[in-house]
Amino acid sequence: MTTNEYDFTAIEKKWQTYWETNKTFKVNDFEAGKPKFYCLDMFPYPSGSGLHVGHPEGYTATDILCRYKRMRGFNVLHPMGWDAFGLPAEQYAVETGTHPAITTERNINRFRQQIKALGFSYDWDREVNTTDPGYYKWTQWIFTQLYKKGLAYMAEVPVNWCPALGTVLANEEVIDGRSERGNHPVIRRPMRQWMLRITEYAERLLADLDGLDWPEGIKEMQRNWIGKSEGAEVDFTIAGCDEKVTVYTTRPDTLFGATYMVLAPEHPLVTRITTDAQRTDVDRYREEAARKSDMDRTELNTEKTGVFTGAYAVNPVTGGEIPIWIADYVLISYGTGAIMAVPAHDTRDFEFAQTFKLPIVCIIEPDADEAAAEGVSVDDVLAGRACWTGNGRMIGSANSEGLDINGMAVADSMRVTTEWLAARGVGKAAVKYKLRDWLFSRQRYWGEPFPVIHMEDGSIRLVDDNDLPLLLPELEDYKPTGTGEPPLAKAGAWLDYTDPVTGAKGRRETNTMPQWAGSCWYYLRYIDPRNERAAFDTAKEKYWMPVDLYVGGAEHAVLHLLYSRFWHKVLFDLGYVSTPEPFQKLVNQGMILGLSYKDARGALVPMEKVEQRTEGAFHTETGEKLVEFPAKMSKSLKNVVNPDDVIREYGADSMRLYEMFMGPLEAVKPWNTKGVEGVFRFLKRAFRMVVEQPITDDPLDAEQRRLLHATIKKVTDDLDAMSFNTAISQMMIFVNGFSGNAKPLPREAAETFVLLLSPFAPHLGEELWERLGHDKTLAYEPWPEYDEEYLKVDEVEILVQVLGKPKARVMMPSSADEETMQRLALEQDAVREALDGKTIRKVICVPNRLINIVAN
RNA sequence: GCCAGAGUGGUGGAAUGGCAGACACAGUGGACUUAAAAUCCACAGGCGGGUGAAAUCGUCGUGGGGGUUCGAGUCCCCCCUCUGGCACCA
């Protein structure tokens, strides 16, 4: 076995077996005297196509950190599991007749084997699987907790129905009117569905973002998604009847400019206030709007449409009557579903008013400078010919009942108006969120069954905790029914329920939970994965939580991360978890793009049609010269890189190292297999350096010691900052310095280097450690320390600049003071020449760096 | 349209306001070899001048334009391009 070849296949197999049989990475709860470090990867959906190179990117980063933290004395929790419910397995089942449970198991086995081949230091005893009844028992239990707390309810809601998938989708799963998965058309349709009251947590989900160490961009996306706005609700009475309409506005101060009102077509008041003369038009418009999908409603946003109801509302500040219209640019689902239109100062209202010739009254005189900068004529705005949404001075905004906000600044005028309205009982300050309640049911087979029974008397009963898990029934036919009825409606006897005591009958819920359910709390199950009495032990939870580092793709910025935070807060309120937030620090790894080329038109060319010649890449058919243009890996472009191939060719350590060497973890980076060869060469050199060069016990010389300690410092600092690429560069510099034909290698340098390298290339690290004469794993060896003293050098090259231009480079003692530096600099011929005939005005000395002489 | 993030050699990328291009990839030249692979050594931003060839030298250069500074890839203002997200949310 001991050869002087870098036989990565044998080495990697040997150490993977060693770690597995010795349970090297088994982690104990409550390890005394060690700080804890909970490091979490977003667990994968085990698809049929196996791991792609994007998966190991984040996993490698966390694995390096975990190995580093162990060596720094931390008790590290680093688990892995499977997010295995979901649509692809079910669709595959429909197509091939293979039960999803079978496909899922097969895919999981493949994923596990591929992940293990990369040598990650997971504690495999803590593996979880969301489709395991022992796991989803507790997903169902959490649902019952939500229900008991009043956070789960059923409602008839207009949903995103996808006929092709035979299911409804959450708003977040619909992109431009099509399904996120599969890109099928989605239409709106009312259905009775389970909803979760995430809106009740909107304020806390927003406020608690501030304390999280997450990328600013992700936090901002969540803030935008929650979409808090502050304003006022204002009541308008309807002329000639007892009804009133409440509108929501963020600008109550513009009430004097409200010249009409618009209700969403679905607003319940529309039928009651519409006059007979207008009824035909209104009904027709409402029907059209109902048929339109969200996509149609937003796509056609160039032209405003609407219909007059024939009714009038009374403006509470002016007493004037304003016409009430309906238009689909007002959404029933936001605010109160009704707005007061201020066309002079709102672009949408302005467009609508122009289309339908409605009055436009200016009540903000634009700030002259700002208007000029925007290219807007103040006269046009004052005359109602142009819209002004910028700053200005309130005008024409006073009434005879004590409200006068003319000339006030915006903040004041809003406050005064709201107070005036509140005093008369016709308005109040209000806060609104864009966030909607979470549509939580799906018409699918492969998901967690709801632990719910619909009793014959119409009541809803939860399955008793002792009867959980409610197992998903075996079905022959899990095709969607097409009617919106879920596949579980075909489950026969499974559906029937009879109360063992009273004999009351009921039918089980046939919807299943969305894929997000299982992933909402998996990080808690890792803490105590085999607990049969509880989802997790609270003492263990208290020990491990919160997650110290969570790494995954940015595609989960709002969905998974918002849902998880919501469930966590509910569990927190119920006393089951000890922290208000689950994930203290979050890092998003960037996507890895595939190598691809585009032609002169900019069209991407599949890799099979690209021919490499010495002068570059060419199209095999047209002969056209192509330019490199990295693109998302896809089957159609034939640029997908399979980790198995890379491991076979170069080994897992090279794969790991390359993924980290490509660039910053967060950046989007193109894959280039040539780059793997580069790090592979580095590992081979490192191997030969330790194995072939004679190891001596001689002390290091000053230069060697400096390089060794500089490397410890750089690698340590870079690991703390997660700058893996520059840490690897430094190790390359180290090897460039120490390797060489038969050059003696001091033992201290060899051992230290192996320890530094081991988190990155753990198999090679262990192998070299063993060859250096150690008989047990290096996984818990103390991390090397550096000494600043050794980093110092006696002499440094100082750049001498004259007027900022480099003129000379001079070796100077590193301790040289400013006077010495200046004296030595002025001795240089080139410097004297440059200063000839000039007077020195100023000398800037940067110790150990440069000296700049300013003269004229 | 709005909100983030990013633009540096042929390529990936590096650089507490202090010599831009570390470290790699691709490339070129050389050594070893019957040959290739592997390995090792050297060169390597553009332009110009220079030379047998070099060194040396000059000059331009971090998306574009301004500014602050002795000094800007880095800080400030404006603009352009790309990527991601949101999008009639009153």
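Numbered from 1 within each chain, the chains take letters A, B, ... in sequence-line order.
Closest-nucleotide positions on RNA chain B for A:Pro664 and A:Lys432 were compared, and the one nearer the 5' end corresponds to A:Pro664. Closest-nucleotide positions on RNA chain B for A:Ala554 and A:Gly335 were compared, and the one nearer the 5' end corresponds to A:Ala554.
Look at A:Tyr334 and you'll find a side-chain N or O under 4.0 angstrom from OP1 or OP2 of B:A90. Considering only side-chain N and O atoms, A:Lys669 lies nowhere under 4.0 angstrom from the phosphate OP1 or OP2 of B:G12. A:Ser229 has a side-chain polar atom (N or O) that falls below the 4.0 Å cut-off from OP1 or OP2 of B:A90. Distances shorter than 4.0 Å separate some side-chain N or O of A:Arg688 from OP1 or OP2 on B:C40. Look at A:Asn725 and you'll find a side-chain N or O under 4.0 angstrom from OP1 or OP2 of B:A14.
For B:C70, the paired base is B:G18 (Watson-Crick or G-U wobble, both distances below 3.5 Å). With a 3.5 Å ceiling on both atom-pair distances, the Watson-Crick or G-U wobble partner of B:U59 is B:G46. In this structure, B:A4 forms a base pair with B:U83, meeting either the Watson-Crick or the G-U wobble geometry with both donor-acceptor distances under 3.5 Å. Across all strands shown, B:C32 has no partner, as no Watson-Crick or G-U wobble contact with both distances under 3.5 Å is found. In this entry B:G9 has no Watson-Crick or G-U wobble partner, no candidate having both defining distances under 3.5 Å.
Residue contacts shown for A:Lys684 are limited to sugar-phosphate atoms, with no base heavy atom under 4.0 Å away. In this structure, A:Val342 reaches neither bases nor backbone, as no heavy-atom distance under 4.0 Å exists between it and the strands shown. A:Glu216 comes within contact range of no nucleotide atom at all, as no heavy-atom separation falls under 4.0 Å. No engagement by A:Ser333 is indicated, since no non-hydrogen atom pair under 4.0 Å with the nucleic acid exists. As judged by a 4.0 angstrom heavy-atom cut-off over every strand, A:Glu666 is placed among residues making no nucleic acid contact. A:Pro215 comes within 4.0 angstrom of nothing in the nucleic acid, heavy atoms only.
Separating the CD atom of A:Gln693 from the C1' atom of B:U39 is a distance of 13 Å, rounded to the nearest angstrom. The interatomic distance linking A:Gln801 (CD) with B:U69 (P) rounds to 17 Å, in whole Å. The nearest whole Å value for the distance from the CE atom in A:Met811 to the P atom in B:C19 is 16 Å.
The side chain of A:Pro670 approaches B:G12 more closely than any other nucleotide in the set B:G71, B:C19, B:G12.
Each of A:Ile363, A:Thr249, A:Val234, A:Val247 was compared with A:Leu255 under the side-chain contact (heavy atoms from CB on, under 4.5 Å) criterion, and only A:Val234 meets it. Exactly one residue among A:Val735, A:Leu756, A:Ile733, A:Thr716 makes a side-chain contact (heavy atoms from CB on, under 4.5 Å) with A:Thr711. That residue is A:Leu756.
The C1' atoms of B:U28 and B:G67 are separated by 43 Å, rounded to the nearest whole Å.
Salt bridge status for A:Glu216 with A:Arg223: present, with a side-chain N to carboxylate O gap under 4.0 Å. In this structure, A:Glu230 does not pair ionically with A:Lys432, as no charged nitrogen and carboxylate oxygen lie closer than 4.0 Å. Taking 4.0 Å as the cut-off between side-chain N and carboxylate O, A:Glu203 and A:Lys228 count as a salt-bridged pair.
B:G45 has its base anti relative to the sugar, with a glycosidic angle deviating from 0 by more than 90°.
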Report, one pair per line, the protein and nucleotides 61-63 of chain B atoms (nitrogen or oxygen only) whose separation is under 3.5 Å.
none

Polar atoms only, N or O, under 3.5 Å: list the protein pairs with nucleotides 23-25 of chain B and their distances.
{"unit_1": "B:A24", "atom_1": "OP1", "unit_2": "A:Asn736", "atom_2": "ND2", "d": "2.7"}
{"unit_1": "B:C25", "atom_1": "OP1", "unit_2": "A:Arg681", "atom_2": "NE", "d": "3.1"}
{"unit_1": "B:C25", "atom_1": "OP1", "unit_2": "A:Arg681", "atom_2": "NH2", "d": "2.7"}

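For the pair A:Lys304 and A:Phe352, the cation-pi test (distance below 6.0 Å, angle within 45°) is failed. Annotation: cation-pi geometry satisfied between A:Lys598 and A:Phe629 (NZ/CZ under 6.0 angstrom from ring centroid, within 45° of ring axis).
In the interface, the side chain of A:Glu797 is paired with the base of B:C19 through a donor and an acceptor atom under 3.5 Å apart. One N or O donor and one acceptor, one from the side chain of A:Arg809 and one from the base of B:C19, sit under 3.5 Å apart.
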Assess the residue pair A:Tyr563 and A:Trp438 against the criterion (ring pair (Phe, Tyr, Trp, His ring centres under 6.0 Å)); give the C-alpha distance rounded to whole Å, side-chain angles, the decisive distance to 0.1 Å, and a yes or no. CA-CA 9 Å; A:Tyr563 295 154; A:Trp438 175 12; 3.6 Å; yes
Run A:Tyr650 and A:Tyr658 through ring pair (Phe, Tyr, Trp, His ring centres under 6.0 Å) and show every step you take. CA-CA 10 Å; A:Tyr650 304 101; A:Tyr658 175 61; 9.4 Å; no
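Heavy atoms from other residues, nucleotides or ligands lying under 6.0 Å from CD of A:Glu370 number more than 12.
The minimum heavy-atom distance between A:Leu683 and A:Leu657, with the atom names listed, is CD2-CD2, 3.7 Å.
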